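Have a look at the structure below before the remarks.
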Amino acid sequence: MSGTFDLASTEAEDALRLVRQTTGRRFSTGLVLGSGLGALADMVENRIEIPFTDLPGFPASGVSGHAGTLIAGDLSGLPVVLYSGRSHFYEQEDASVMRRPIALMKALGCETLVLTNSAGSLHPEMGPGSAMLITDHINFSGSNPLFREPTDRRFVGLTEAYDKNLRDLFDEIAKREAITLHHGVYMWFSGPSFETPAEINMARIVGADAVGMSTVPEAILARFFDMRVVAVSAITNLAAGMTGQELSHDETKENAPKAADKLKKLIAGVLEELAKT
Ligand code: HPA
């Protein structure tokens with residue numbers, strides 16, 4: 001089992017042992033919460049919380065609105081591991097900062113990963129508070145979490161990075177719950193500065209529907225670890241140059257909760273269906 005825990009090292013094994021000993025169980029599904037989406041963690045029952053600072057080798061997240069906690073428990077009847085507060089490429093100039101956390105989920109038994117984020121929209125009709133299912137992504141960061149991976153496993157296929165069956169399930173739940181769930185291509189910019197209007201024009205031309213500073217590295221890592229992945233964005237703003245207003249992280253934190261209820265219902269519904277299979 002520990003063979004599947006990537007980056008085998010004393011630290012990695014210590015982190016795995018700590019979570020196993022503290023929780024005493026295995027898990028089936030991992031979740032990563034985006035900026036301002038911490039409320040999604042409220043859905044987890046029988047929760048055990050472990051701060052990232054207690055987990056050897058885990059990145060310390062310093063972004064406000066991101067707590068940096070592993071939460072283990074049950075959601076819609078499924079045993080889940082959730083990260084409230086991810087680390088970003090722009091914090092350490094390292095796209096692989098989430099490699100160990102994702103590897104830990106896999107080692108704990110998670111075969112499915114649900115990613116959430118806050119994002120800027122390129123469509124006026126998909127405004128703040130909207131939910132967008134990510135159908136595909138564009139990596140515009142110039143980086144990759146698999147840089148320096150020495151094995152041929154680094155050549156990960158991303159033709160269908162975001163699992164079609166899981167996406168269909170999100171659509172089914174959205175329909176059932178009467179939630180408008182947009183579909184779109186998420187373009188990863190490195191951050192931490194926001195984009196310029198010219199960059200947003202480019203993003204539109206190359207086929208993006210939303211922009212953000214996360215998720216793509218975790219999705220690539222999940223595919224690397226052979227997990228199926230699905231990702232959904234909470235739209236917090238229209239992208240740079242679309243409103244005449246400057247963008248801010250405060251706006252992200254303020255508006256993310258407006259989409260959180262939709263994301264909560266969608267994720268709870270999807271996990272409930274998965275629990276039946
Ligand atoms: N750009 C990049 N990241 C974001 C945005 C944005 O407009 N909104 C929330 N996260």
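Atoms within each ligand, like the ligands themselves, are counted from 1 in listed order. A quick note: this is a predicted structure, and the numbers were derived from the prediction, not measured.
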Determine all donor-acceptor pairs shorter than 3.5 Å in which one atom belongs to a side chain in residues 258-265; sequence neighbours excluded.
residue: K258; atom: NZ; partner: N255; partner atom: OD1; Å: 2.7
residue: K262; atom: NZ; partner: G129; partner atom: O; Å: 2.8

Would you indicate whether E246, at its atom CD, is surrounded by more than 12 heavy atoms from other residues, nucleotides or ligands within a distance under 6.0 Å? no
Write 'none' if nothing qualifies; otherwise put on separate lines each N/O atom of ligand 1 with a protein N/O atom under 3.5 Å away and their distance to 0.1 Å.
residue: ligand 1; atom: 1 (N); partner: E195; partner atom: OE1; Å: 2.8
residue: ligand 1; atom: 1 (N); partner: E195; partner atom: OE2; Å: 3.4
residue: ligand 1; atom: 7 (O); partner: N237; partner atom: ND2; Å: 2.9
residue: ligand 1; atom: 8 (N); partner: G120; partner atom: N; Å: 3.3
residue: ligand 1; atom: 8 (N); partner: T236; partner atom: OG1; Å: 3.4
residue: ligand 1; atom: 8 (N); partner: N237; partner atom: OD1; Å: 2.7
residue: ligand 1; atom: 10 (N); partner: S118; partner atom: O; Å: 3.3

In chain order, what residues pass the ring-ring contact (aromatic ring centres under 6.0 Å, His included) check against F89, with sequence neighbours excluded? W188
Among T116, N117, I71, the one residue meeting side chain to side chain contact (heavy atoms under 4.5 Å, CB included) with L33: T116
For E218, the option from R86, R223, R99 that meets side-chain hydrogen bond (donor to acceptor under 3.5 Å, both in side chains): R86
Got a sec, which residues hit ring-ring contact (aromatic ring centres under 6.0 Å, His included) with F170, two or more places apart in sequence or on another chain? none
